[in-house]
Each structure stands twice: as structure tokens, then as C-alpha cells.
Amino acid sequence: MNEAAIRSITILGGGTAGWMAATLLAKACDGQPLRIILVESEEIGIIGVGEATVPLFRLFNDRLGLDEHAFLQATMGSYKLGIEFCDWGQVGNTHFHGFGDYGEPIGGIAPHHHWLRLARSGEAAPIDDYSAPYALAQRGKFTPADPRQPRYAHAYHFDAVLYARYLRTLAESWGVTRVEGRVVDVPLDPQTGHIRALHLADGQVVDGEFFIDCTGFAAELIGKRLGAGYVDWSHWLPCDSAIAVPSARQDPPAPFTRSTALAAGWQWRIPLQHREGNGIVYASAHMSDAAAEEALLGSLGGAPLANPRRFRFTAGRREAFWQRNCVALGFASGFLEPLESTGIQLIQNGIGRLIEFFPDRHFDPRVAAEYNRVCQVEWDRIRDFIIAHYCVSQRPEPFWQAARAMDLPDTLQQKLDSWHATGKIPLLDGESYQEPSWAAILLGNGVWPQRHDPLIDALPIDMLRAHMARRREDLARMGRSAPDHRFYLARHCQAAA
């Protein structure tokens, strides 16, 4: 037995981040003499905006051994094939970022180059017509991809509060102990500066050897007690406010998230089985709280089911996600607006890396340094992708003019320069989004490169035209024959009323 092995983990904060950490750590450490305690307070509310995911999330549920249909029933969930962007780039524009590509390469060259060749001669349909997830989503259809022909992937929409409750039940059945209480003091070791225990308002003392901060924007441990600095990205991502409200569902749940650009921000709509999740993200320097709330409430598909909840944030991340004997997850580690549904992805990957770099009681600083480096790279790459949605817009409002005029991170500028010159995106280490995703956003916003790959000109244009037409027809046929999303839900994972 390793005498230096960690014997106890204490998680402060529940919600999605806390209970995801508790369940996956309990699963990964099954059979080891490890105590896991989660401390949370019913007095502290949960910000339930993380209701949309990316396909990577399926691996998390698979690792826990969760049945997909049972999970969706328990969380009132639905399927997600991508994101529909409305009024981005310019008012009236609609484009789709699907969980898939535009088909197999032709002659070893990505299909968007061949589409560009046809489009410049006026012979191509919209590029979304060559996307398998769009073929389903635009028709309100859903069926899982054939594993023999994985042309697309899927993710989920779900009620984040119900998901945390679902995970809590699972975690407690695996030996995780929940403690109700509000932290009033966090004593540090005078020699190492490590957290020694959590002192709660009712007098309880919860000790631990390793701590996980899931306290949201408060960052009670990583920020207030351990002083990990914050990297402010508001000069690139100036939205600093959000309002969220659930509403009654009027239409069958769509198999995609909708994001609609506004004069100084954007609005989301997430369809669940029992309701819709709605919210607006905006820059308070360009839109008042009252105007934002009016815009949100005036565009709901059904009656609001609760009072709107408003919160402030600063886009950015921690300078260190792992500080001494504490790791931060969720909003305690940073905040990127949920434009591409990356919040839960960052939690999931943070937990996965913690398991990969799991410490012992020596807390070798080199282990924490490598964990921090990998996390920082992932955050920075996602940041660039989010910024790209803003800086290419041609909308005339002052908010969007400022987004066009700002100096960009060098890594993003490199990508855009390459795209403009070659139609290719140079991918760096730690990328979450591959070239088809960049093509979806850039072409969807009307940002065409100066040329396509010149090697494709060797293919006879008549042959290319016929090949692309067959692709489009095959996808349309698949979309028409698939079951309606609502029927698929009703058959396989209908939630109780």
C-alpha cells in the first residue's frame, strides 16, 4: 500500500460540477480506501444555464455506466444535433453548426473546398445542405448515427438541476457522503498554506486532504482563500450579464439549440421535454438590464414558468486551476459564455485530467503545473472559437462594430489569416473544434476565403457537380426517412409528466 496515497477528498459545492466530480471520482476510485465528502448548502441557489452539451459528454455518462434513455427520462432531456445560429453576421442570416462534417474528403481534400468551387460559379446549394446533422435537424428528425457510417454525432439538452439530483443519488449509492452546511471559515496550514478543513455555520468541521472548489462565481476556496488570480478576457468577450428563465413549451422539442444574435448580445433557446430553457447574454455597456429582460420575455415561445434570474460575470479563467491542495471546477475555474455549450465539457475534462494527474500527499508542484498547462490550453482554444463568432460579424450596431475592430489573440489571428489566404484552419494542440466547425461558423457568417485549394481544379467540373448533387440527395433522403424527434423521445425515453 502507498503510504502517501490520498485518503480523503472534500468537494465544496454541489450542482452539476460538484456531483459530476463526486460520481466520476467514486467510480474511478472504486475499491480504494478513499473517502469522498461533498458539502453543499440548500441556502445557495444553482445557476441552471448548463442545459446543452456537446457529443463528448456522452463519454462521461458511458464511463459512469448510465443508460442513455434512462438518463434522458430522469432529466426531462432531449437530443441535440447542433446549434442553429439566427441573425449572426447580419440580420436574416441563418446557419447551422452541426455535430458532423460535410462528408468524406474528395481526392483527399476537405469537401468545403469543393463546395467553394461550385458556389463561386453559382452552382452549389447552401453548404448546410451537405451536413448530415442538418439534414435531420431542419426537419425535426432524430435517429442515432449508424455506427458503420458515423456521419454525425449527437449530444443532449437536459435540466441541469434534475441531472445534479440524478448524480447525487448515484454518488451516494457509491459511498459519497453529503454534508449540508454553509462554510464560514477555511483554515490554512501555517507551513504549507494548504487547506486543512471547512468550518460550517452549524459548528461542523469537515477535514480533508484534497479539496475541490465547485462554489461557482464565489470561488470560495481557489479564489478567496488560496488567491489564484483571474485572467480577464472581457476586452475580447465584453458580454458581462445574463438573464435566464424557463418557459412553457409550445412546439415539439427541436433536436438542436437555437442562438439568436441581438443588438448587444445573443439569446438562447433550449428545448426540453417539459419546458424550454431561455436566456439572454448581453453587454451591460450597450444594453440595460431592463431592455435585456424585455427582449427576453418578449420572445418566449410560451408563458414564463419562474421569475427571470440575473447574474453578472467576467469572461476569463483562473491563472491556476490547481492551487496547492485544491482544484477548481465549473464557474469557480472561470467563465465562458455558453454560446457553444462548452461549460459541461470543461467540467468533464477537468475531472478527467484530475484522475489522470491524481496527486498523493506530497503534492508535487510539477503535477499541478502540468494539469494547469493542459487546462489553460483548452480554455484558450475555446476562447478563440467563441471570439470568432463575434469578430466576423457585419452587423451595424456599436457592439458589433467594436467586436470587428478589436485586436485579436495571436492564435485566433493566425487561424483567420490562414483561412482568408488558403481556406484552411491551422489546428494547434488542445483544440476542441476541428476544421469543419470553423468552416461552419466562418462560411455561415459569409466569410469566404480568397481561394479554394488549387489541387481540386484537376477534377472535371461536371463530375464534381454530379458527385455533390448525389451527396445532397442522399442526405435529404436520410432526413425524410428518419423518425420525428418527438416520436423518438416518446418511444425510447418519455419522461413522466
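Because only heavy atoms are used, hydrogens play no part in the values below, and waters and symmetry mates are left out as well, while side chains stay in.
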Requested in this report: Determine, stepwise, if the pair Thr53 / Gln345 fulfils side chain to side chain donor-acceptor pair (under 3.5 Å).
Outcome: CA-CA 7 Å; Thr53 60; Gln345 170 191 329; over 6 Å; no
Report task. Evaluate the ring pair (Phe, Tyr, Trp, His ring centres under 6.0 Å) criterion for residues Trp88 and Tyr390: first the C-alpha distance (whole Å), next the side-chain angles of each, then the deciding distance (0.1 Å), finally the verdict. Result -> CA-CA 8 Å; Trp88 287 81; Tyr390 288 97; 5.5 Å; yes
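For Trp438 and Phe385, the ring centers are positioned less than 6.0 Å apart. Phe57 and Tyr163 have their aromatic ring centers within a separation under 6.0 angstrom.
A salt bridge does not link Arg249 to Glu276: none of the charged side-chain nitrogens sits closer than 4.0 Å to a carboxylate oxygen. A salt bridge between Glu42 and Arg178 is present, with a side-chain N of the basic residue lying under 4.0 Å from a carboxylate O of the acidic one. Asp232 has no carboxylate O lying under 4.0 Å from a charged side-chain N of Arg317, or vice versa, which leaves the two without a salt bridge. A salt bridge does not link Arg165 with Asp159: none of the charged nitrogens is closer than 4.0 Å to a carboxylate oxygen.
Using the six-membered ring where Trp is involved, Phe321 and Trp379 have ring planes that are tilted, between 30° and 60° apart. Between His389 and Phe85, the angle of the ring planes lies from 30° to 60°, which puts this pair in the tilted group. Classification of the Phe142-Tyr79 ring pair by plane angle, with boundaries at 30° and 60°, yields parallel.
Partner of Lys80 under the side chain to side chain contact (heavy atoms under 4.5 Å, CB included) criterion, out of Phe99, Phe158, Tyr156: Phe99 alone.
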